[in-house]
Trainee: 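Have a look at this one before I ask anything.
Chain letters run A, B, ... following the sequence lines, proteins first, then strands; residues in each count from 1.
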There are 2 protein chains.
Amino acid sequence: MQEAGTKKYSQQRQAAVRAAAAVFAEKGFHGAGTKDIAERMGIKQGSLYYYFKSKEEALGEVCLYGIQEYVEHMATIADGEQPFEAKLVATVTSHLSSYRERNEALKVYNDERLYLPKARRSRLKELGSDYRQRLEGIFEEGKANGAVRQSVDCHFAAQAVIGMCNAWGDLIVRDPDLDLFMVIQKCTDLLINGFTKKP
Amino acid sequence: MQEAGTKKYSQQRQAAVRAAAAVFAEKGFHGAGTKDIAERMGIKQGSLYYYFKSKEEALGEVCLYGIQEYVEHMATIADGEQPFEAKLVATVTSHLSSYRERNEALKVYNDERLYLPKARRSRLKELGSDYRQRLEGIFEEGKANGAVRQSVDCHFAAQAVIGMCNAWGDLIVRDPDLDLFMVIQKCTDLLINGFTKKP
DNA sequence: TTCTATTTCTATAGTTCTATAGAATTCTTT
DNA sequence: AAAGAATTCTATAGAACTATAGAAATAGAA
């Protein structure tokens, strides 16, 4: 069995997670077979179970991989010293870029995580809440220092930003030719005009 | 076999489509079994094939059911005489309300239609394009008569509205206690502030 | 009622999929 | 090179699922 410390093992396991991410993103959790994942790695179906105890575990790993770093990045943004608008731009940029960089894992987190059993979902839930709360905090801070209109509901606003980014993220994953920076720029434009005061 | 004209048949078939919609929305196309759908109708698994030639056909019907009326409604809005803002409000209202009224079918259209074979998807694609184009037209009209800022990209704007509505629609389907009209009001607020000129 | 058409049921063939066991191979270290 | 550990393979049990065929039940019309 695996010695979790092995360098080769963890590299290959990372590859397994990425392969699973790609396949789950394309076919969905239930639509994807363990055979599809294995094939993408160039190994046989049964061999996949050297890396995962079950298909569900694979999904769990993909979701975690998909959201983890990106939540950490949000913490950095939220705790920073920048003004509201810069934080919003940074958030949208980070969120949308991660759809490209980390490939399909974030999409899988969004679309398939509900198929995980509750126990496996709790850690993901924490991370998701963490993200949303920090984003909410950015809006609250913005309201406090006058950048954001008083009528804005911060909880709604955070949800709206996340929802919009995910919707565009879907298109970004599906269409590799879509201009990422164009999308980032237009999204932030919309949000800034939508939430901040006019000079 | 079925005589398509029978009143009872079409009623029961409608029930079958709705049952399929509910199950597909909850478990996804591949995660759902024909048994689940049949059970929800109170019939046995095999009997379902009296109404559908295949599971795929069921999905096709659900998607069609999910988007059809709602596209027709959009045509009415787009061709109307109202000013830009009223059209935008009507669009968002129609879109989000249909997540409640027509239950889960629209969610299924959004999330599962890609699992249909191309042939079956073409009609849906038409309807979807139709919707987006008309929405784009509303923005163009708005630009022409000065309501919408000149810097707005109408194609982007239409996609953003759709994406935002779908994201909230997901939450609306998942959480029946979520206040629909609150969401509608806040979404339109954001969009109007984001896209129109300030007085 | 009796005949006919509609709807549902039972049973099953045939397929596909997950997970496991144990053998075979490859890599690492001594 | 030989031993031991890590990785992959083959083969398969066992479960689940789709779709079909034909029998049974139900409802409607004559």
Trainee: Between atom CZ in B/F52 and atom P in C/dT7, what is the gap in whole Å?
Mentor: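 In whole Å, C/dT7 P lies 14 Å from B/F52 CZ.
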
Trainee: Can you list the steps and then say if B/N166 with B/I162 is a side chain to side chain contact (heavy atoms under 4.5 Å, CB included)?
Mentor: CA-CA 6 Å; B/N166 286 337; B/I162 293 170; 3.5 Å; yes

Trainee: Surrounding NZ of A/K143 (heavy atoms of other residues, nucleotides or ligands, distance under 6.0 Å), is the total greater than 12?
Mentor: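 Counting neighbours around NZ of A/K143, more than 12 heavy atoms of other residues, nucleotides or ligands fall under 6.0 Å, so yes.
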
Trainee: Whole Å only: how far is the CD1 atom of B/I43 from the C1' atom of D/dA19?
Mentor: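 Rounded to the whole Å, the gap is 14 Å.
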
Trainee: Round to the nearest Å and state the distance from B/Y50 atom OH to C/dA5 atom P.
Mentor: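 So the OH-P distance, B/Y50 to C/dA5, works out to 13 Å.
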
Trainee: Using a strict cut-off of less than 4.0 Å between a Lys/Arg side-chain nitrogen and an Asp/Glu carboxylate oxygen, indicate whether B/R134 and B/D130 qualify as a salt bridge.
Mentor: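 Yes.
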
Trainee: B/N145: what forms a side chain to side chain contact (heavy atoms under 4.5 Å, CB included) with it, not counting sequence neighbours?
Mentor: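 Partners of B/N145 under the side chain to side chain contact (heavy atoms under 4.5 Å, CB included) test: B/E141, B/A147.
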
Trainee: So, the side chain of B/E112 versus the backbone of B/F29: is there a donor-acceptor pair under 3.5 Å, distance only?
Mentor: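 Such a contact is found between B/E112 side chain and B/F29 backbone.
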
Trainee: Ring pair (Phe, Tyr, Trp, His ring centres under 6.0 Å): which pairs involve residues 162-191 of chain A, sequence neighbours left out?
Mentor: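 Qualifying pairs: A/W168-B/F156.
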
Trainee: Treat primed atoms plus P, OP1 and OP2 as sugar-phosphate and everything else as base, then score nucleotides 15-30 of chain C 5' to 3': B for base contact with protein heavy atoms under 4.0 Å, S for sugar-phosphate contact only, - for none.
Mentor: ---BBB----------

Trainee: Measure CD/B/E39 against C1'/D/dT18 and give the value in whole Å, please.
Mentor: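 In whole Å, D/dT18 C1' lies 16 Å from B/E39 CD.
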
